[in-house]
A.B. asks: 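The following block contains the structure, expressed as structure tokens.
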Amino acid sequence: MAFTPFHNINSATDGQEVELIAVGDNASSVKSILLTNVDSAAITVDLFIQDSSTNTRYHLLYNVSLPVGASLLLDNDDMLAFNNSTTGLSLNLKLGSASDLINVLIKR
């Protein structure tokens with residue numbers, strides 16, 4: 001899978017868990033991630049990196065509520081740096097309900 005910087009996610013069609021950056025995309029130099037609630041209700045999000053060999057999750061955000069129209073910017077590149085080689089980690093988003101809408105913008 002090639003790195004995609006823009007995601008328009010609907011959990012009804014995309015699922016509640018979405019892989020934003022796959023293992024092997026070599027996108028480990030993430031500078032910022034912007035999460036924007038484009039739903040008509042508050043949504044809950046988890047953002048985590050995952051070791052595919054053990055399925056261990058390392059949460060950057062856990063059970064964070066985003067009000068209607070709110071955005072959350074993560075821009076500490078030290079916190080967002082991770083090994084994304086073919087033996088590394090993936091970046092994933094989990095939404096709290098089966099009908100959430102969110103935009104995710106990832107800058108490298």
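Please read all numbers here as calculations on a predicted model, not as lab measurements. Residue numbers run from 1 in the order of the sequence given.
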A.B. asks: Work out which heavy atom in Asn37 is nearest to a heavy atom in Asp39; give both atom names and the distance.
C.D. replies: OD1-N, 2.7 Å
A.B. asks: Any side-chain heavy atom of Leu91 sitting closer than 4.5 Å to one from Ile33?
C.D. replies: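 Of all side-chain heavy-atom pairs linking Ile33 with Leu91, at least one is under 4.5 Å.
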A.B. asks: How far apart are the closest heavy atoms of Val23 and Gly88, and which atoms are they?
C.D. replies: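 Nearest heavy atoms, Val23 then Gly88: CG2-O, 3.7 Å.
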A.B. asks: Heavy atoms only: give me the nearest Ser11-Ser97 pair and the separation to one decimal.
C.D. replies: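 Answer, listing the atom of Ser11 first, then Ser97: OG-O, 2.8 Å.
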A.B. asks: Of Leu35, Asp100, Ile9, Asn63, which meets side chain to side chain contact (heavy atoms under 4.5 Å, CB included) against Val45?
C.D. replies: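 When Leu35, Asp100, Ile9, Asn63 are each tested with Val45, the side chain to side chain contact (heavy atoms under 4.5 Å, CB included) holds only for Leu35.
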A.B. asks: Mind checking what makes ring pair (Phe, Tyr, Trp, His ring centres under 6.0 Å) contact with Phe82, not counting sequence neighbours?
C.D. replies: none
A.B. asks: Please output the side-chain donor-acceptor pairs of residues 66-78 that fall under 3.5 Å, not counting sequence neighbours, one pair per line with the distance.
C.D. replies:
from  : atom 1 : to    : atom 2 : distance (Å)
Ser71 : OG     : Thr36 : OG1    : 2.9
Asn76 : OD1    : Asp78 : N      : 2.9
Asn76 : OD1    : Met79 : N      : 3.2

A.B. asks: Please round to the nearest 0.5 Å and tell me the distance separating atom CZ of Phe3 and atom CG of Asn84.
C.D. replies: 9.0 Å
A.B. asks: Taking all heavy atoms of Ala98 and all of Gln16, pick out the closest pair and write down the distance.
C.D. replies: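 For Ala98 and Gln16, the tightest heavy-atom pair comes out as N-CD, 3.9 Å.
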A.B. asks: Same hydrophobic cluster for Val30 and Leu105, using side-chain heavy-atom links shorter than 4.5 Å among ILVMFWY?
C.D. replies: no
A.B. asks: So if I apply the side chain to side chain contact (heavy atoms under 4.5 Å, CB included) rule between Asn10 and each of Val38, Leu101, Ile102, which one comes out positive?
C.D. replies: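 Exactly one option meets the side chain to side chain contact (heavy atoms under 4.5 Å, CB included) with Asn10, and it is Leu101.
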A.B. asks: Let me know which of Leu80, Ile21, Thr4 forms a side chain to side chain contact (heavy atoms under 4.5 Å, CB included) with Ile106.
C.D. replies: Ile21
A.B. asks: Group every Ile, Leu, Val, Met, Phe, Trp and Tyr by side-chain heavy-atom contacts under 4.5 Å, then state whether Leu20 and Phe6 land in the same group.
C.D. replies: no
A.B. asks: Where do Val18 and Leu95 land on the side chain to side chain contact (heavy atoms under 4.5 Å, CB included) test, with the steps shown first?
C.D. replies: CA-CA 8 Å; Val18 176; Leu95 297 166; 5.6 Å; no
A.B. asks: Report the distance from atom CG of Asn26 to atom OG of Ser85, rounding to the nearest 0.5 Å.
C.D. replies: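 Interatomic distance, Asn26 CG to Ser85 OG, rounded to 0.5 Å: 6.5 Å.
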A.B. asks: Under 4.5 Å between side-chain heavy atoms, hopping through other hydrophobics if needed: is there a path connecting Leu93 to Leu61?
C.D. replies: yes
A.B. asks: Do Tyr62 and Arg57 make a side-chain contact, defined as non-hydrogen atoms from C-beta onward lying under 4.5 Å apart?
C.D. replies: no
A.B. asks: Roughly how far, to the nearest 0.5 Å, is the CG atom of Leu47 from the CG atom of Leu60?
C.D. replies: 5.0 Å
A.B. asks: Using a 4.5 Å cut-off on heavy atoms from C-beta on, say whether the side chain of Asp46 contacts that of His59.
C.D. replies: yes
A.B. asks: Could you check Ser90 against Ile49 for side chain to side chain contact (heavy atoms under 4.5 Å, CB included), going step by step and ending with a plain yes or no?
C.D. replies: CA-CA 5 Å; Ser90 62; Ile49 52 177; over 6 Å; no
A.B. asks: Can Val104 be reached from Val64 by stepping across I, L, V, M, F, W or Y side chains whose heavy atoms are under 4.5 Å apart?
C.D. replies: yes
